[in-house]
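Heads up, the thing below is written out as structure tokens.
No experiment lies behind these values; they were computed from the predicted model shown. Values below: all heavy atoms of this structure, side chains included; hydrogens, waters and symmetry mates excluded.
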Amino acid sequence: MCAFSKRIIIGVDPGTVVTGYGVVEVSRGQLDRVASGTVRLPGGGLQTKLSELYARVLQLLDEYAPGEVALESVFHHRNVQSALKLGHARAAIMLAAIHRGVPIYEYSPKEMKLGVVGSGGATKEQVAFMVRQILRIDGKMRADESDALGLAICHAHRMKRPAVAPRSWEQYVKTHPERIKS
């Protein structure tokens, strides 16, 4: 990434009742909030909720034209039904991004917390505090919204220093000859 390039990233914290979103602009090493909020899904069946979620994510993608989507990845959940519903919501979001040709990057809650707070075990309150500090936001926001902004921040930080692990020792040696002692 060029030091002077400008990028728009949308972070999405999926849910079947409330989905959080956060749009961040990265310019000259600075992170700024463009927009954030929540999408409250209607009552009714899962199909209705997923259809509405898909439509709203398409609207957000059209309105803010992000170059990347940072999405919370699947994680282990105690309640299997909740995990399945969350998976359906993620699929609706992914499908909207795919239809708009926007690349999707996934981060676990632990990765996001590590990228924003510096600790994978951070609380929701700690994430919200750091999101407000990093983006210079006054006031409170819903946890879904701060988590979505946290995903966008995490992705912006990750893109500055991509963590591309070598696939083999041979590749590592080729990539880092200065670390090899004869």
Side-chain angles (χ1 to χ4, degrees), residues 1-2 4-75 82-109 111-113 115-116 124 127-128 130-132 134-137 141-163:
M1 174 176 99
C2 171
F4 297 107
S5 65
K6 181 170 135 177
R7 295 180 21 230
I8 302 289
I9 301 167
I10 185 168
V12 184
D13 181 30
T16 54
V17 176
V18 177
T19 290
Y21 69 90
V23 183
V24 173
E25 179 180 275
V26 183
S27 180
R28 298 180 184 258
Q30 178 83 21
L31 291 171
D32 293 300
R33 177 176 67 164
V34 174
S36 61
T38 57
V39 175
R40 290 198 156 280
L41 299 171
L46 185 59
Q47 289 179 352
T48 302
K49 290 179 178 209
L50 295 177
S51 177
E52 178 65 21
L53 179 57
Y54 172 79
R56 286 290 289 127
V57 171
L58 284 177
Q59 287 174 346
L60 291 168
L61 295 173
D62 291 343
E63 183 174 352
Y64 298 107
E68 297 123 315
V69 172
L71 180 64
E72 186 176 79
S73 66
V74 175
F75 60 97
S82 295
L84 285 171
K85 288 177 183 174
L86 183 61
H88 292 314
R90 284 176 26 80
I93 294 161
M94 293 174 90
L95 190 57
I98 290 165
H99 280 171
R100 290 299 187 258
V102 182
I104 304 158
Y105 298 86
E106 298 180 66
Y107 299 97
S108 70
E111 285 176 293
M112 183 273 284
K113 292 172 182 180
V116 174
K124 292 242 181 225
V127 170
M130 286 307 298
V131 164
R132 287 192 312 272
I134 292 167
L135 298 174
R136 299 164 311 284
I137 298 171
M141 63 180 81
R142 286 187 52 98
D144 309 289
E145 183 179 357
S146 65
D147 283 354
L149 286 165
L151 286 161
I153 292 167
C154 174
H155 181 67
H157 290 165
R158 180 68 57 91
M159 291 299 99
K160 269 196 241 179
R161 294 180 213 94

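Among residues two or more places apart in sequence or in another chain, the side chain to side chain donor-acceptor pair (under 3.5 Å) test is passed with R40 by none. Scored by the salt bridge (charged side-chain N to carboxylate O under 4.0 Å, His left out) test, R33 finds E145 as partners (sequence neighbours excluded). Under the side chain to side chain donor-acceptor pair (under 3.5 Å) criterion, D13 pairs with no residue at all, not counting sequence neighbours.
Looking at heavy atoms from C-beta onward, I153 lies in side-chain contact with L31 at the 4.5 angstrom threshold. Using a 4.5 Å heavy-atom cutoff, the side chains of Y105 and R158 are not in contact. In this structure the side chain of V18 never reaches within 4.5 angstrom of the side chain of L41, judged on heavy atoms. Two residues are said to be in side-chain contact when any heavy atoms from C-beta on lie closer than 4.5 Å; L86 and P14 meet this criterion.
Closest non-hydrogen pair, G11 versus A152, comes out as N-CB, 3.9 Å. Taking each heavy atom of K124 and A143 in turn, the nearest pair found is CD-CB, 3.9 Å.
Ionic pairing of E68 and R7 is present here: one or more N-O contacts between side-chain nitrogen and carboxylate oxygen are shorter than 4.0 angstrom.
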Residues 90-98 side chain polar contacts: donor-acceptor under 3.5 Å, at least two apart:
residue : atom : partner : partner atom : Å
R90     : NH1  : E72     : O            : 2.6
R90     : NH1  : E106    : OE1          : 3.2
R90     : NH2  : E106    : OE1          : 2.7

Distance-only criterion, 3.5 Å: show the donor-acceptor pairs between side-chain atoms of residues 57-66 and protein atoms not counting sequence neighbours.
residue : atom : partner : partner atom : Å
Q59     : OE1  : R56     : NH1          : 2.7
D62     : OD1  : R100    : NE           : 2.6
D62     : OD2  : R100    : NH2          : 3.1

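Counting only residues at least two apart or on different chains, no side-chain hydrogen bond (donor to acceptor under 3.5 Å, both in side chains) pair has a member in residues 15-24.
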